[in-house]
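Have a look at the structure below, then the notes.
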Number of protein chains: 2
Amino acid sequence: MKKACQHHHDLAPQDLSSLTSRLRRESRKITGPRAAILEILRHHPHPLTNREIFGELPKGECDLATIYRAMQMLEKLGMVKRFDFGDGAARYELMGEGDDGHHHHLICTQCDTVVEIEECFPAEIEQHIAAKNNFKAVTHRLEFFGICPACQK
Amino acid sequence: MKKACQHHHDLAPQDLSSLTSRLRRESRKITGPRAAILEILRHHPHPLTNREIFGELPKGECDLATIYRAMQMLEKLGMVKRFDFGDGAARYELMGEGDDGHHHHLICTQCDTVVEIEECFPAEIEQHIAAKNNFKAVTHRLEFFGICPACQK
DNA sequence: AATCAGTTGCAAACGATTTGCAATTGAGTC
DNA sequence: GACTCAATTGCAAATCGTTTGCAACTGATT
Ligand SMILES: [Mn+2]
Ligand SMILES: [Mn+2]
Ligand SMILES: [Zn+2]
Ligand SMILES: [Zn+2]
């Protein structure tokens, strides 16, 4: 009954080699920690916090600070998208090559279940808001919150 | 040329007495720090961080921790609404009695200018998202970002 | 004026994120 | 395969926003 998601998550995750070549292209080194981090992101459909990534890693594989530095770099290179669920921890999701990664989530306020959302804020309304206030390059951050079926008792 | 905003910000700010009576009603004490904080919120049309409130206060008037505690309490009583602009600091705005305070902002990514926005995410689409995923009590957090007229050169 | 729960200042504690630095290591070069 | 050097890492300390323990204090009520 669940409709197929239209984001890259459904597609076979991009292979590691395409990811590492992107790094090489930017003259970044392919290190153990980085490969491990990308491997984890590749297999997760929803945004992960640095601590969650750290938890997925075999202990001793890599320092938490290294993950923070890696995610910063990956975000700068446009390889991951950063999300904010309002709980004080940044979350990252791998994004496809051309893709700008813009999309939204529906989060259960009780159990933190995350659903990828395909709907977006209507462009016409956004343009109207931008024009009315003489702003340029307007975009938005949008996340939905509610009670998931399982938590409804 | 600027169109009138339709939020409570335009109306004369609610007077201190109506605010303090709300506190009294909840058997909270009207203290110097609290009155000073409310006074500041009353005169600010946009969300303020705790540190900004602290900065507005005459030095020595009140401890930062007291502000954190006051804002927590005011939020619990539904007297202020908390916003998140994604920069790691909570922001609070005074809200009217009946009002649930739900609204959005347009923030300049260069100078942090804030504009109050009256538009909201279309309810029908939100309902559709909720229904499709069997979520209940769905709401959203939404903020717009762009370059304000002054920062466009 | 006496009473007492609610408040406050101050310092320490916290959790997420950043940073300095010396040791380590990819990845071309010979 | 060894050589070289900038990029990277681990570790500890530092930052930042926020929370908390606690003893002193104060507003509201009697
Ligand atoms: Mn997603
Ligand atoms: Mn506002
Ligand atoms: Zn969108
Ligand atoms: Zn809205």
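We name chains A, B, ... by the order of the sequence lines, and we start the count at 1 in each one. All of these numbers come straight from a predicted model, not from anything done at the bench.
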(request) Check whether more than 12 heavy atoms from other residues, nucleotides or ligands sit under 6.0 Å from atom CZ of B:Arg141, and answer yes or no. (result) no

(request) For residues B:Phe54 and B:Asp63, report the shortest heavy-atom separation together with the two atoms involved. (result) CE1-C, 4.1 Å

(request) Please give the angle, rounded to 10 degrees, between the axes at the start and the end of the helix from C:dA1-D:dT30 to C:dC30-D:dG1, where five pairs define each axis. (result) 30°

(request) Check the distance between D:dA28's C1' and B:Glu26's CD and give it to me in whole angstrom. (result) 16 Å

(request) Mind running a 4.0 Å heavy-atom check of residues 53-61 of chain B against DNA chain C and sending the residues that fall below it, in number order? (result) B:Glu61

(message) Rounded to whole Å, how long is the line connecting atom CG of B:Asp63 with atom C1' of D:dC22?
(response) 14 Å

(message) Across nucleotides 19-30 of chain C, 5' to 3', mark each nucleotide with B, S or - according to how protein heavy atoms within less than 4.0 Å reach it.
(response) BB----BBS---

(request) Find the distance B:Leu64:CG to D:dT20:P and express it as a whole number of Å. (result) 16 Å

(request) Verify, without hydrogens or angle tests, whether A:His44 (side chain) and A:Arg42 (backbone) share a donor-acceptor contact under 3.5 angstrom. (result) no

(request) Please state whether the phosphate of C:dG6, meaning OP1 or OP2, lies under 4.0 angstrom from any side-chain nitrogen or oxygen of B:Arg34. (result) no

(request) Using distance alone, with no hydrogens and no angle criterion, decide if B:Glu93 and B:His103 have a side-chain donor and acceptor under 3.5 Å apart. (result) yes

(message) Looking at B:Glu97 and B:Arg22, would you say the former's side chain and the latter's main chain have a donor-acceptor pair under 3.5 Å?
(response) no

(message) Quick one about A:Glu39 and A:His43 (side-chain donor to acceptor, distance below 3.5 Å, no hydrogens or angles considered), yes or no?
(response) yes

(request) Send over the distance from B:Leu48 CG to D:dG17 P, rounded to a whole Å. (result) 15 Å

(message) Tell me the interatomic distance from B:Asp87, atom CG, to D:dG17, atom P, rounded to whole angstroms.
(response) 9 Å

(request) Please state whether the rings of B:His104 and B:His140 are parallel, tilted or perpendicular, taking 30° and 60° as the class boundaries. (result) parallel

(request) Nearest whole angstrom, please: distance from the C1' of D:dT19 to the CE of B:Met73. (result) 16 Å

(message) Among residues at least two apart in sequence or on other chains, which ones pass ring-ring contact (aromatic ring centres under 6.0 Å, His included) with B:Phe145?
(response) none

(request) Name all residues meeting the salt bridge (Lys or Arg N to Asp or Glu O under 4.0 Å) criterion together with A:Glu61; count only those two or more places apart in sequence or in a different chain, and write none if there are none. (result) none

(request) Please say which of A:Val115, A:Ile147, A:Thr109, A:Ile107 ends up in a side chain to side chain contact (heavy atoms under 4.5 Å, CB included) with B:Phe135. (result) A:Val115

(request) Please report, rounded to the nearest Å, how far the C1' atom of C:dT7 is from the CE atom of B:Met71. (result) 16 Å

Under 3.5 Å, sequence neighbours excluded: what are the donor-acceptor pairs made by side chains of residues 74-89 of chain B?
residue : atom : partner : partner atom : Å
B:Asp84 : OD1  : B:Gly86 : N            : 2.8
B:Asp87 : OD1  : B:Ala89 : N            : 3.2
B:Asp87 : OD2  : B:Arg91 : NH2          : 2.4

(request) Return the value, rounded to whole Å, for the distance between atom CG of B:Asn50 and atom P of C:dG9. (result) 14 Å

